[in-house]
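Shown next, in structure tokens, is the structure this report addresses.
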Amino acid sequence: MAGILFIISAPSGSGKSTLVSELRKQVSGVDFAVSWTTRTPRGSEQNGREYNFTTREEFLRMIEDGVFLEYAEVFGSYYGTARQSLEEARSAGHDLLLDIDVQGAAQVRAKLAESVGIFVMPPNPKVLRTRLRNRSRAEGIVNDEEVYRRLNAASKEIENYREYGYILVNDLLDRAVAQLEAIVLAERFYRNGESIAYRSRRVLEVAAACLQINSQERLKPVLEAFGILTSTGQQQLNFEEDSEEEDSEIDKKDSNDD
Ligand code: ADP
Ligand code: 5GP
């Protein structure tokens, strides 16, 4: 069986790693490509588990040696996927999941047109800010500058959503995990004729609803909140005006969603 290549992209803090880790608990036969990066480890991250951490010099040498299927500079650090990840998944007959940014996804699509793109969106900028802050707190380092850097990049990244076949809005975690699982099972069904048993109709319906071409109504409020559908297309997102009280409401709601 030829494996399927899934590419998952999202603005940082949308919950992509959380979704991927839940998916891997529930669906077997999906390998995860551990990327190489020059950024420093965060919180409990371990070398070889979340990322292969390396130096800039070593990364540049790997580029020269043609090690990478794709690579990009994101938030001032290099990130790349080794070709070897694809080769290993192929020879094991497994699907492969790449968690990469929009630049890397474009490079992979150009090389492997049959890949399946999934774009994850946070429901709105305030929820995204809360998630970034909470993650930062949980890691024991509240780096507001880094949080704002990632928030400010979010709208630009979301503008690329049209390049992805499927869209997930990660509002309620359980629902988003079920949608991601449905997409993987539906693609296996369509491409490999793999059985999806008694749940098959429901799974296919859930996956079909996540197709980008079927998502315009669902996406409208999210895109508007990120200033993407405005007449100027350049709406400035202003987080400074929110009071702490309002912020803690969102904290509460967001953690209830968890
Ligand atoms: P990403 O990989 O996209 O950068 P993470 O998976 O690290 O994002 O998630 C960012 C933060 O948001 C984490 O603290 C995570 O626990 C939290 N989170 C993820 N999904 C949800 C959700 N649906 N509801 C509430 N919190 C979430
Ligand atoms: P983080 O530092 O938050 O883990 O990741 C920052 C961004 O880098 C995210 O958008 C993530 O998807 C992206 N990223 C992680 N690994 C890779 C990779 O191998 N290639 C590319 N192009 N982007 C990556």
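Whatever order the structure lists them in is the order used to number ligands and atoms, beginning at 1. As the structure is a computational prediction, the values presented were derived from the model and not from experiment.
Within the structure, the closest approach of E50 to ligand 2 does not fall below 4.0 Å when heavy atoms are considered. Using a non-hydrogen distance threshold of 4.0 Å, G13 registers as a contact of ligand 1. Using a non-hydrogen distance threshold of 4.0 Å, E70 registers as a contact of ligand 2. A heavy-atom separation below 4.0 Å is not found between N134 and ligand 1. Within the 4.0 Å heavy-atom cutoff, E157 does not count among the residues contacting ligand 2. Distances shorter than 4.0 angstrom occur between a heavy atom of R42 and an atom of ligand 2.
Cluster membership for L219 and L128, using ILVMFWY side-chain heavy atoms within less than 4.5 angstrom, is shared.
Dense packing is recorded around CZ of F68, with more than 12 heavy atoms of other residues, nucleotides or ligands lying under 6.0 Å away. Residue R56 places its CZ atom among more than 12 non-hydrogen atoms of other residues, nucleotides or ligands, all under 6.0 Å distant. The local environment of CD in Q216 is crowded, with over 12 non-hydrogen atoms from other residues, nucleotides or ligands closer than 6.0 Å.
Between E205 and R202 there is a salt bridge, since at least one side-chain N of the basic residue sits less than 4.0 Å from a carboxylate O of the acidic one. R61 and E64 are not joined by a salt bridge, as no carboxylate oxygen comes within less than 4.0 angstrom of a charged side-chain nitrogen. A salt bridge is absent between R135 and E146; no separation between the charged side-chain nitrogens and carboxylate oxygens falls under 4.0 Å. Look at K25 and E22 and you find a salt bridge, because one of the NZ, NE, NH1 or NH2 atoms lies within 4.0 Å of a carboxylate O, short of that distance.
Checked against a 3.5 angstrom limit, the closest N/O atoms of R39 and ligand 2 fall inside it. Checked by distance only, ligand 2 and V74 stay at 3.5 Å or farther apart across all their nitrogen or oxygen atoms. Considering backbone and side-chain N/O of W36, none are found under 3.5 Å from N/O of ligand 2.
When each atom of ligand 1 is checked for a heavy atom of S12 under 4.0 Å away, the hits are 4 (O). Proximity to R135 (heavy-atom distance under 4.0 Å) selects the following atoms of ligand 1: 1 (P), 4 (O), 5 (P), 7 (O), 8 (O), 14 (O). Of all the atoms in ligand 1, the ones that sit under 4.0 Å from a non-hydrogen atom of S17 are 1 (P), 2 (O), 6 (O). For ligand 2, the atoms lying closer than 4.0 Å to a non-hydrogen atom of T81 are 19 (O). Ligand-side atoms of ligand 2 in range of G104: 22 (N), range being under 4.0 angstrom from any heavy atom. Shown in contact with A72 at under 4.0 Å from a heavy atom are these atoms of ligand 2, numbered in order with element: 22 (N). Annotation for ligand 2: atoms under 4.0 Å from non-hydrogen atoms of S12 are 3 (O). Near S14, meaning under 4.0 Å from any of its heavy atoms, are these atoms of ligand 1: 3 (O), 8 (O).
Here the heavy atom of the protein found nearest to atom 16 (N) of ligand 2 is S35 OG, 3.1 Å. Of the protein's non-hydrogen atoms, the one nearest atom 3 (O) of ligand 2 is R150 NH1, 2.7 Å.
With R150, R131, E50, K16 as candidates, the residue nearest to atom 24 (N) of ligand 1 on a non-hydrogen basis is R131. The residue among G43, G15, S9 with a heavy atom at the shortest distance from atom 8 (O) of ligand 1 is G15. Of the listed options Y51, F68, Y71, F75, Y51 places a heavy atom closest to atom 1 (P) of ligand 2.
When only modelled atom types and interatomic distance are considered, S12 and R150 share a side-chain donor-acceptor pair under 3.5 Å. R137 and N134 share a donor-acceptor pair across their side chains, judged by distance under 3.5 Å alone.
Taken to the nearest 0.5 Å, the CG atom of N170 stands 13.5 Å off from the CD1 atom of I167.
Cation-pi geometry between R109 and Y164 is met: under 6.0 angstrom from the ring centre, within 45 degrees of the axis.
Using cut-offs of 30° and 60° for the angle between ring planes, the F59 and Y78 rings count as parallel.
Contacts with ligand 1 closer than 4.0 Å are made by backbone heavy atoms (N, CA, C, O) of D171 only, the side chain lying farther away.
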